[in-house]
Amino acid sequence: MSGVERYDAIVIGSGAAGQRAALTLADHCRVLLLTKTSLTTGGSTPIAQGGIAAALGADDSPELHSRDTMEAGAGHCDPTAVGVLVREGPSQVLELARLGARFDRDRHGLALGREGAHGRPRIVHAHGDATGAEILRALAAALEPAISAGRVAVRERELARELTIRNGRCAGVIAVRSDGREVCYEAGAVVVATGGAGRAYLRTTNPPESTGDGIAMAARAGAAILDMEFVQFHPTALDDGSDPLALLSEAIRGEGAVLVDSDGRRFMPTEHALAELAPRDVVSRAIWRRLRAGQRVYLDARTSPGAAFPERFPSVFAMCRQRGFDPRRDLLPVTPAAHYYMGGIAVDLDGRTSLPGLYACGEAACTRVHGANRLASNSLLESVVFADRTARAIAAGEPREWPAVAGGPGAPSRPVATPSAKRARPVDSVVAEARALMWEYVGLERSGDGLQFALEQLALLEAELPESAIEARNLVLVGRLVAEAALARPRSLGAHYRLDDPGSGSRRQA
């Protein structure tokens with residue numbers, strides 16, 4: 001251990017949630033921003049294409065945004081949390097613009113697009129399809145004065161290994177520096193904003209660093225973990241064998257692109273009344289059934305957006321061209337891929353967890369605002385809305401009791417006991433096997449037998465990992481939490497689909 005450093009608050013993670021929390025906290029106390037990547041690269045925020053949703057249009061309202069969010073969430077959303085999101089969302093988006101985020105505009109002001117399951121155009125974009133990167137750039141620029149003034153200390157490329165607990169309270173974090181040395185950071189409040197764990201799956205749009213570190217650390221420390229069975233699979237990742245898979249933004253379908261099978265037949269109108277703009281779980285499973293049957297599925301953007309594709313989606317167009325596709329002329333092969341975790345560390349509306357001193361926001365947290373299936377472009381919105389609320393609650397120092405979480409399916413998951421290590425093999429090999437297990441048995445379609453098998457195998461794999469394989473151990477633990485929660489919920493709901501639920505075969509959403 002190379003020493004102890006003390007701060008008023010620690011924020012772990014440098015995506016939209018982490019930087020928004022640090023920016024608000026900087027006005028009130030001395031903050032450490034700890035990240036295993038850097039302020040402007042790494043994580044999911046800089047590759048978020050679609051946009052940020054907010055009821056800013058003349059024909060829109062928070063009530064309409066709430067209705068769409070609740071419907072997409074399959075009845076599992078917390079109405080109070082959704083109310084906070086949709087009411088505070090517009091001002092947060094306007095605040096990002098004030099901070100310098102260069103959002104796309106038209107003659108009416110901010111240009112508003114439409115995506116799946118949204119009843120109104122309310123998606124704010126930047127540079128067509130680079131919204132996350134632009135938000136992160138603006139937040140990093142806004143943080144610079146606080147960093148220069150010493151109110152925010154930044155530690156890049158340091159991996160948070162474990163939360164420290166003292167007298168039943170989170171007191172800080174132990175981190176590993178790039179040279180392998182450990183350092184202990186202490187603070188009265190620790191905010192986990194480390195994102196999700198898409199790398200637990202064989203097919204994912206998430207970058208390699210999305211290994212669920214914050215969720216795993218919180219679980220080991222005894223914090224309540226909630227709704228881990230609800231993993232969102234994005235319907236349209238470019239199926240070219242890459243790892244991670246490149247995302248084909250939902251906004252492309254919002255501009256009129258359609259899904260077709262190997263015979264060129266469009267199939268989504270027979271699956272859901274909203275066709276290609278149905279909730280993501282519906283579209284993903286419709287594609288997956290065809291892939292399982294040996295077909296290929298393609299996104300056809302040749303007519304809409306057609307010739308306008310390079311202008312409307314410049315980043316996606318450049319990515320496709322690099323991979324040998326021209327969306328104006330070619331069908332784009334697609335596959336569902338693990339994309340977003342609706343579950344995570346259970347929090348209240350101000351980011352408080354069940355462990356005193358520990359807070360969480362962004363994808364690592366579960367506010368239940370997304371329910372069982374996240375509405376498109378609500379993730380960046382949740383990150384900035386609840387990160388700001390979390391930071392303000394810490395600054396206020398309100399001693400408030402954390403509310404209990406209801407029992408039953410979807411209640412806090414607890415990590416099962418980890419077996420003692422018996423043998424060792426290359427970490428990459430263990431991780432590859434775990435990711436394949438998750439994709440096959442804990443993916444878009446699940447069953448009790450498959451989930452039980454996955455749990456048993458994941459426990460064995462975890463026993464093969466050395467203590468030094470921090471990210472790999474986190475990834476496998478989060479996988480076990482997902483499988484455990486999925487096994488505890490026997491009925492299908494939203495993104496959680498059980499083949500052995502008698503109602504699943506005939507259930508259709510309209």
Side-chain angles (χ1 to χ4, degrees), residues 1-15 17-22 25-26 29-39 42-43 143 147 151-197 209-225 344-347 351-365 387 390-391 393-395 402 415 467-475 477-478:
M1 191 81 67
S2 62
V4 177
E5 296 183 19
R6 293 179 175 84
Y7 298 86
D8 299 313
I10 298 169
V11 178
I12 309 172
S14 59
Q19 292 205 37
R20 186 68 184 95
L25 282 167
C29 60
R30 188 162 179 261
V31 184
L32 170 66
L33 182 57
L34 178 67
T35 175
K36 68 178 182 180
T37 57
S38 72
L39 284 186
L143 265 175
I147 295 171
R151 298 194 306 275
V152 175
V154 178
R155 299 288 184 271
E156 296 181 307
R157 295 173 180 83
E158 292 191 14
L159 173 62
R161 179 176 68 78
E162 213 70 57
L163 299 172
T164 58
I165 310 299
R166 186 179 302 129
N167 298 322
R169 181 181 181 87
C170 183
V173 61
I174 297 172
V176 180
R177 290 176 168 164
S178 57
D179 61 4
R181 290 183 302 158
E182 290 189 345
V183 60
C184 180
Y185 298 112
E186 294 184 346
V190 176
V191 181
V192 171
T194 52
E209 55 268 25
S210 294
T211 51
D213 303 326
I215 298 172
M217 285 192 299
R220 286 193 294 268
I225 308 296
I345 307 165
V347 296
R352 296 179 181 85
T353 75
S354 63
L355 178 62
L358 182 66
Y359 298 75
C361 55
E363 190 177 354
T390 298
I394 292 170
W402 191 83
E467 291 293 333
S468 59
I470 300 170
E471 291 170 291
R473 294 181 67 83
N474 290 340
L475 182 150
L477 172 55
V478 170

S.K.: Let me confirm one number: the CG-CD1 distance from L33 to I147, rounded to the nearest 0.5 Å.
M.R.: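 Rounded to the nearest 0.5 Å, the CG-CD1 separation comes to 7.0 Å.
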S.K.: Among residues at least two apart in sequence or on other chains, which ones pass side-chain hydrogen bond (donor to acceptor under 3.5 Å, both in side chains) with S468?
M.R.: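 S468 satisfies side-chain hydrogen bond (donor to acceptor under 3.5 Å, both in side chains) with no residue once adjacent residues are dropped.
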S.K.: Check for a donor-acceptor pair, side chain of R151 on one end and backbone N or O of A26 on the other, with a separation under 3.5 Å.
M.R.: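 Such a contact is found between R151 side chain and A26 backbone.
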S.K.: Apply side-chain contact (heavy atoms from CB on, under 4.5 Å) to V31 and I10, showing your working.
M.R.: CA-CA 6 Å; V31 184; I10 298 169; over 6 Å; no
S.K.: Considering non-hydrogen atoms only, spot the tightest contact between G18 and V11 and give its length.
M.R.: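 Where G18 meets V11 most closely, the heavy atoms are O-CG1, 3.5 Å.
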S.K.: Considering only heavy atoms from C-beta outward, does the side chain of V347 approach that of T390 to under 4.5 Å?
M.R.: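 V347 vs T390: side chains apart.
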S.K.: Could you walk me through whether L143 and V154 pass side-chain contact (heavy atoms from CB on, under 4.5 Å), step by step?
M.R.: CA-CA 10 Å; L143 265 175; V154 178; over 6 Å; no
S.K.: Has N474 got a side-chain atom pairing as donor or acceptor with G212's backbone, closer than 3.5 angstrom?
M.R.: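 No, the answer is negative, given that no donor and acceptor are paired below the 3.5 Å cut-off.
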S.K.: Short question: side chain of E156, backbone of L39 - any donor-acceptor pair under 3.5 Å?
M.R.: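 Such a contact is found between E156 side chain and L39 backbone.
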S.K.: Report, as yes or no, whether the 6.0 Å neighbourhood of atom CG on D179 holds more than 12 heavy atoms from other residues, nucleotides or ligands.
M.R.: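 It does: D179 CG has more than 12 such atoms within range.
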S.K.: Considering all heavy atoms of both residues, which atom of L25 and which atom of A9 are nearest to each other, and what is their separation?
M.R.: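 L25 and A9 have their closest heavy atoms at CD1-CB, 4.1 Å.
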S.K.: Run the side-chain contact (heavy atoms from CB on, under 4.5 Å) check on R166 and T164 step by step: do they pass?
M.R.: CA-CA 7 Å; R166 186 179 302 129; T164 58; 5.6 Å; no
S.K.: Is S354 reaching over with its side chain to a backbone N or O of A224, donor-acceptor style, under 3.5 angstrom?
M.R.: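 Here the side-chain-to-backbone pair exists.
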S.K.: Can you tell if the side chain of T353 reaches within under 4.5 Å of the side chain of V192, non-hydrogen atoms only?
M.R.: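 They are not in side-chain contact.
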S.K.: Going by salt bridge (charged side-chain N to carboxylate O under 4.0 Å, His left out), E158 matches just one of R181, R177, K36. Which one?
M.R.: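 By the salt bridge (charged side-chain N to carboxylate O under 4.0 Å, His left out) criterion, E158 pairs with just one of R181, R177, K36: R177.
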S.K.: A side-chain contact here means heavy atoms from C-beta on lying under 4.5 Å apart; do E467 and R473 qualify?
M.R.: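 Yes, close enough: below the 4.5 Å cut-off.
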S.K.: Nearest 0.5 Å please: distance from the CG atom of L475 over to the CD1 atom of I215.
M.R.: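 Result: 11.0 Å between the selected atoms.
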S.K.: For R169 and G188, indicate whether the former's side chain and the latter's backbone hold a donor-acceptor pair under 3.5 Å.
M.R.: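 Pair found, side chain donor or acceptor close to backbone of G188.
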S.K.: Which distance, rounded to the nearest 0.5 Å, do you find between the CD of E162 and the CD1 of I174?
M.R.: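 Nearest 0.5 Å value for the CD-CD1 distance: 7.0 Å.
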S.K.: S14: which residues meet the side-chain hydrogen bond (donor to acceptor under 3.5 Å, both in side chains) condition with it, sequence neighbours left out?
M.R.: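 So S14 forms a side-chain hydrogen bond (donor to acceptor under 3.5 Å, both in side chains) with T35.
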